[in-house]
**Student:** 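Sharing a structure with you now.
Residue numbers start at 1 and run along the sequence shown.
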Amino acid sequence: MKIAKNPVENFINHSTSGSFILIACTIIALIWANSPWQDAYHALWASDFSLGFTDTTFAITKPLYLWINDGLMTLFFLYVGLEIKREIIDGELTSFKKASMPVFAALGGIVVPIALFFLLNQEDRGTHGWGIPMATDIAFSLGILQLLGKRVPLGLKVFLTTFAVIDDIGAIVVIAIFYSHGFHVEYLSVAIGLLLILWLLNYLQIFSKYLFLIFGLAIWVLFLKSGVHPTIAGVLLAFVLPSVRYVNLKDVFSNLNNNLKRLKESDPKKHVLTEEQQVAVDEINAVTDQVQSPMQQLEHGLSGWVAIVIMPLFALANAGITINLNSLSATHLISQIGISMVAGKVIGISLFSYLAYKLGIARLPAGIQFKDIFAVSILGGVGFTMSLFVAELAFREDDLLTASKLGILIGSFGAGIVGYFALRIQLKRKTKQTD
């Protein structure tokens with residue numbers, strides 16, 4: 001098994017591996033929702049489930065799809081927050097010089113699609129969905145890049161990953177400010193107080209995963225009750241999680257050497273470890289666990305769950321659109337979202353990147369041309385996961401929800417197909433130029 005050379009490559013590998021499962025679940029949801037068993041599909045996700053004590057303040061009853069969107073997706077947002085924190089501490093966002101080009105690309109990819117959506121939407125209905133076209137789906141877009149194989153330069157993958165992460169920051173801010181409902185300051189105040197306690201413990205280098213779990217659940221419930229979308233709690237928890245290790249590496253190396261020496265002295269032909277050897281193995285496992293910071297441990301532990309379980313479940317619960325005359329009636333919204341996602345991203349990412357370069361604010365990544373950036377900007381229009389999430393918040397109780405989801409699927413599919421072939425042609429041209 002090939003090990004990624006750095007955290008960015010490791011993240012790219014995790015994202016691409018989950019993208020194909022995500023696509024499969026999307027297809028299953030669409031087929032199921034348009035089959036003779038479509039009523040069973042909608043009834044399943046609308047089924048109510050309760051958590052907590054009956055008739056108490058903290059009893060929570062929600063349909064299954066909301067347990068996924070408000071509950072499991074909090075873990076997704078926690079993972080996104082950990083990605084952002086890692087990039088700030090030791091990645092592409094450590095300095096403005098490194099981050100400038102993706103930052104301007106992301107800024108253009110947020111501002112222009114929103115502006116284009118408002119320009120196209122001259123009606124009162126549907127305007128609440130203005131946040132839908134602003135996000136880029138990292139898993140899907142990197143999955144498409146993966147189809148092009150080793151011809152894609154690492155710099156281009158890093159560029160796409162970085163501006164998509166910054167896009168996520170913008171989406172998180174928009175959700176927190178514009179898509180939260182029924183604000184209750186008393187619940188939010190207690191939640192912020194618990195976050196401050198976790199931050200203080202982090203500052204004092206005191207950490208317990210059990211305490212973090214208990215506080216995390218309490219903060220999630222408080223955010224849910226406060227009216228601020230509970231997934232924001234996941235992002236904030238990421239930023240109070242310790243990012244430093246609590247062991248001295250010299251002590252770790254000494255401990256490892258001593259235990260490895262005990263294993264080396266054993267009989268290699270014996271398949272069953274002695275009690276002493278088993279103790280040595282257990283000590284090695286315990287020490288290696290301590291080398292990573294709590295932030296890295298949680299990010300590594302969540303990566304597989306997010307890619308293989310949480311995002312596919314989200315797609316299965318939210319991508320099932322029953323296509324009929326009612327869903328096609330709001331053609332204006334379908335086209336507005338699709339055009340804003342694709343054209344808005346291409347214009348915004350390309351134009352802002354070009355202006356930043358010409359003004360001397362940013363520089364192109366090594367080995368990357370503007371034609372590469374133009375081609376990859378088309379993939380920026382693949383906004384599946386976060387766009388569906390915003391659509392659900394914008395139109396949860398509205399008959400426009402199905403139309404908005406249809407616009408997202410059409411826009412994402414179109415951006416993926418066109419982006420794939422645009423990049424394929426561009427990479428072939430570059431290969432011929434170097435031959």
**Student:** Is Val235 close to Leu78 at the side-chain level, that is, under 4.5 Å between some pair of heavy atoms?
**Tutor:**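 Of all side-chain heavy-atom pairs linking Val235 with Leu78, none is under 4.5 Å.
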
**Student:** Looking only at atom types and distance, does a side-chain atom of Lys405 sit under 3.5 Å from a main-chain N or O of Ala391, one as donor and one as acceptor?
**Tutor:**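 No, the answer is negative, given that no donor and acceptor are paired below the 3.5 Å cut-off.
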
**Student:** How close do Ser353 and Ala105 get, heavy atom to heavy atom, and via which atoms?
**Tutor:**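 Here Ser353 and Ala105 meet closest at OG-CB, 3.4 Å.
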
**Student:** Give a yes or no on this: more than 12 heavy atoms of other residues, nucleotides or ligands lie within 6.0 Å of atom CZ of Phe239.
**Tutor:**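 Result for CZ/Phe239: enclosed.
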
**Student:** Does either side chain, that of Thr61 or that of Asp48, offer a donor lying less than 3.5 Å from an acceptor on the other one?
**Tutor:**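 No pair is found: no donor N or O on one side chain lies under 3.5 Å from an acceptor on the other.
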
**Student:** Any side-chain heavy atom of Asn202 within less than 4.5 Å of one from Leu241?
**Tutor:**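 Side chain of Asn202 against side chain of Leu241, heavy atoms only: no contact under 4.5 Å found.
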
**Student:** So do Ile232 and Ile172 actually touch side chain to side chain, heavy atoms under 4.5 Å?
**Tutor:**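 Sidechains of Ile232 and Ile172: in contact.
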
**Student:** Side chain of Trp67, backbone of Phe49: donor and acceptor closer than 3.5 Å?
**Tutor:**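 Side chain of Trp67 to backbone of Phe49: a pair is present.
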
**Student:** Just verifying a value: how many Å separate Asn69 CG and Asn318 CG, rounded to the nearest 0.5 Å?
**Tutor:**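 Reported value, rounded in 0.5 Å steps: 4.0 Å.
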
**Student:** Step through the shown structure and confirm whether more than 12 heavy atoms of other residues, nucleotides or ligands are within 6.0 Å of CZ on Phe421.
**Tutor:**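 Atom CZ in Phe421 is not packed in, count stays at 12 or less.
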
**Student:** Checking the side chain of Tyr79 only, and the main-chain atoms of Leu298 only, is there a donor and an acceptor separated by less than 3.5 Å?
**Tutor:**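 No, the answer is negative, given that no donor and acceptor are paired below the 3.5 Å cut-off.
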
**Student:** Which heavy-atom pair separates Gln336 from Leu120 by the least distance, and what is that distance?
**Tutor:**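 Scanning both residues, the minimum pair turns out to be NE2-O, 3.4 Å.
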
**Student:** Test side-chain contact (heavy atoms from CB on, under 4.5 Å) on Phe223 and Thr231; report intermediate values, then the result.
**Tutor:** CA-CA 8 Å; Phe223 264 79; Thr231 53; over 6 Å; no

**Student:** Taking the ring of Phe159 and the ring of Phe163, is the distance between their centroids below 6.0 Å?
**Tutor:**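 Yes, the ring of Phe163 comes within the 6.0 Å limit of the ring of Phe159, centre to centre.
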
**Student:** Tell me whether Lys209 contacts the main-chain N or O of Pro294 through its side chain, where contact means a donor paired with an acceptor under 3.5 Å.
**Tutor:**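 No: the side chain of Lys209 does not pair with the backbone of Pro294.
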
**Student:** Between Asn121 and Phe117 (side chain of the first, backbone of the second, donor and acceptor by atom type, cut-off under 3.5 Å), is there such a pair?
**Tutor:**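 Not a single qualifying donor-acceptor pair exists.
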
**Student:** Do Phe104 and Tyr357 make the cut of ring centroids closer than 6.0 angstrom?
**Tutor:**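 No, the ring centres sit 6.0 Å or more apart.
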
**Student:** Describe, in one word, how the ring planes of Phe178 and Trp130 are oriented to each other, choosing from parallel (under 30°), tilted (30 to 60°) and perpendicular (over 60°).
**Tutor:**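 Perpendicular.
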
**Student:** Under 3.5 Å, is there a donor-acceptor pair between the side chain of Trp45 and the main chain of Pro63?
**Tutor:**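 No, the answer is negative, given that no donor and acceptor are paired below the 3.5 Å cut-off.
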
**Student:** Salt bridge or not between Lys62 and Asp70? Use side-chain N to carboxylate O under 4.0 Å.
**Tutor:**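 Yes, Lys62 and Asp70 are salt-bridged.
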
**Student:** Donor-acceptor check, side chain of Ser404 to backbone of Leu401, threshold 3.5 angstrom: yes or no?
**Tutor:**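 Present.
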
**Student:** Kindly compute the distance separating CD1 (Ile114) from CE (Met134), expressed to the nearest 0.5 Å.
**Tutor:**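 Answer for the CD1-CE pair, Ile114 versus Met134, is 5.0 Å.
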
**Student:** I'd like to know whether CH2 of Trp305 has more than 12 heavy-atom contacts from other residues, nucleotides or ligands below 6.0 angstrom.
**Tutor:**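 At most 12 heavy atoms, drawn from other residues, nucleotides or ligands, come within 6.0 Å of this atom.
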
**Student:** Could you tell me whether the side chain of Asp372 and the main chain of Ile368 form a donor-acceptor pair under 3.5 Å?
**Tutor:**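 Side chain of Asp372 to backbone of Ile368, a donor-acceptor pair under 3.5 Å: no, none is there.
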
**Student:** Is there a side-chain contact between Glu299 and Glu83 (heavy atoms, below 4.5 Å)?
**Tutor:**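 With C-beta onward as the side chain, the pair touches.
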
**Student:** Under 3.5 Å, side-chain donor or acceptor atoms of residues 406-414 against the rest of the protein: list the pairs with distances, not counting sequence neighbours.
**Tutor:**
unit_1	atom_1	unit_2	atom_2	d
Ser412	OG	Gly383	N	3.3
Ser412	OG	Ile408	O	2.9

**Student:** Using only atom types and a distance under 3.5 Å, with no angle test, would you say the side chain of Thr26 pairs donor to acceptor with the backbone of Ala315?
**Tutor:**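 No; zero donor-acceptor contacts below 3.5 Å.
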
**Student:** Roughly how far, to the nearest 0.5 Å, is the OH atom of Tyr179 from the NE2 atom of His229?
**Tutor:**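 Taking NE2 in His229 and OH in Tyr179, the distance rounds to 12.0 Å.
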
**Student:** If you measure from CG on Leu393 to CG on Leu388, what distance do you get to the nearest 0.5 Å?
**Tutor:**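 Result: 11.0 Å between the selected atoms.
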
**Student:** Apply the test side-chain contact (heavy atoms from CB on, under 4.5 Å) to residues Thr322 and Thr402: give CA-CA distance (whole Å), side-chain angles for both, the deciding distance (0.1 Å), then the verdict.
**Tutor:** CA-CA 8 Å; Thr322 300; Thr402 300; over 6 Å; no

**Student:** Can you name the closest pair of heavy atoms from Ala415 and Val342 and give their distance?
**Tutor:**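 Result for this residue pair: CB-CG2, 4.0 Å.
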
**Student:** Please report the shortest heavy-atom distance between Ala218 and Leu194, naming the atom on each side.
**Tutor:**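 Reported closest heavy-atom pair: CB-CD1, 4.0 Å.
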
**Student:** If you measure from CD on Gln205 to OH on Tyr203, what distance do you get to the nearest 0.5 Å?
**Tutor:**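 Spacing of CD (Gln205) from OH (Tyr203) equals 10.0 Å.
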
**Student:** State the CG-OG1 distance between Leu400 and Thr127, to the nearest 0.5 angstrom.
**Tutor:**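 Atom-to-atom, Leu400:CG and Thr127:OG1 are 9.5 Å apart.
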
**Student:** Looking at Tyr354, I want to see if its OH is surrounded by more than 12 non-hydrogen atoms of other residues, nucleotides or ligands under 6.0 Å.
**Tutor:**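 Not more than 12 within 6.0 Å, no.
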
**Student:** So, Ser377 versus Ser350: side-chain donor-acceptor pair below 3.5 Å or not?
**Tutor:**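 Judged by distance alone, the side chains do pair up.
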
**Student:** Are the side chains of Arg86 and Gln296 in touch, meaning some heavy atoms are under 4.5 Å apart?
**Tutor:**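 When only atoms from C-beta onward are counted, Gln296 and Arg86 do not touch, as no gap falls below 4.5 Å.
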
**Student:** Begin with the C-alpha distance, continue with both residues' side-chain angles, and end with the deciding distance and a verdict on side-chain contact (heavy atoms from CB on, under 4.5 Å) for Val80 and Val165.
**Tutor:** CA-CA 8 Å; Val80 170; Val165 167; 6.0 Å; no

**Student:** Got Val174 and Ile110 here, is their nearest side-chain heavy-atom distance under 4.5 Å?
**Tutor:**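 A side-chain contact is absent here, since even the closest heavy-atom pair is not under 4.5 Å.
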
**Student:** Can you name the residues that form a ring pair (Phe, Tyr, Trp, His ring centres under 6.0 Å) with Phe212, not counting sequence neighbours?
**Tutor:**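 Once residues adjacent in sequence are excluded, Phe212 has no partner under the ring pair (Phe, Tyr, Trp, His ring centres under 6.0 Å) criterion.
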
**Student:** With side-chain contact (heavy atoms from CB on, under 4.5 Å) as the test, pick out the partner of Ile31 among Ile28, Ile27, Asn34.
**Tutor:**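 By the side-chain contact (heavy atoms from CB on, under 4.5 Å) criterion, Ile31 pairs with just one of Ile28, Ile27, Asn34: Ile27.
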
**Student:** Of all the heavy-atom pairs spanning Leu116 and Ala343, show the shortest one and how long it is.
**Tutor:**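 Here Leu116 and Ala343 meet closest at CD2-CB, 4.0 Å.
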
**Student:** Could you tell me if the side chain of Phe374 sits less than 4.5 Å from the side chain of Gln426, heavy atoms only?
**Tutor:**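 Contact flag for Gln426/Phe374 side chains = no.
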
**Student:** With a 4.5 Å cut-off on side-chain heavy atoms, are Phe314 and Val309 touching?
**Tutor:**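 No; the side chains remain at least 4.5 Å from each other.
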
**Student:** With under 30° as parallel and over 60° as perpendicular, where do the rings of Phe389 and Phe77 fit, or are they tilted in between?
**Tutor:**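 Answer is tilted, since the angle falls between 30° and 60°.
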
**Student:** Once the angle between the rings of His184 and Tyr187 is folded into 0 to 90°, is it parallel (under 30°), tilted (30 to 60°) or perpendicular (over 60°)?
**Tutor:**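 Rings of His184 and Tyr187: perpendicular, as their planes differ by over 60°.
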
**Student:** If you take all heavy atoms of Ser243 and Lys85, which pair is closest and at what distance?
**Tutor:**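 Nearest pair, atom of Ser243 first, then Lys85: CB-CE, 4.0 Å.
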
**Student:** Hey, is the main chain of His300 close enough, under 3.5 Å, to the side chain of Ser303 for a donor-acceptor pair?
**Tutor:**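 Yes; judged by distance alone, with no hydrogens or angles, the pair exists.
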
**Student:** How far apart are the C-alpha atoms of Leu237 and Leu195, what are their side-chain angles, what is the distance that settles it, and do they pass the side-chain contact (heavy atoms from CB on, under 4.5 Å) test?
**Tutor:** CA-CA 7 Å; Leu237 283 168; Leu195 284 166; 4.0 Å; yes

**Student:** Which residue pairs satisfy the salt bridge (Lys or Arg N to Asp or Glu O under 4.0 Å) criterion with at least one member in residues 160-177, sequence neighbours excluded?
**Tutor:**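 As it turns out, the salt bridge (Lys or Arg N to Asp or Glu O under 4.0 Å) pairs with a partner in residues 160-177, which skip direct neighbours, are Asp167-Lys345.
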
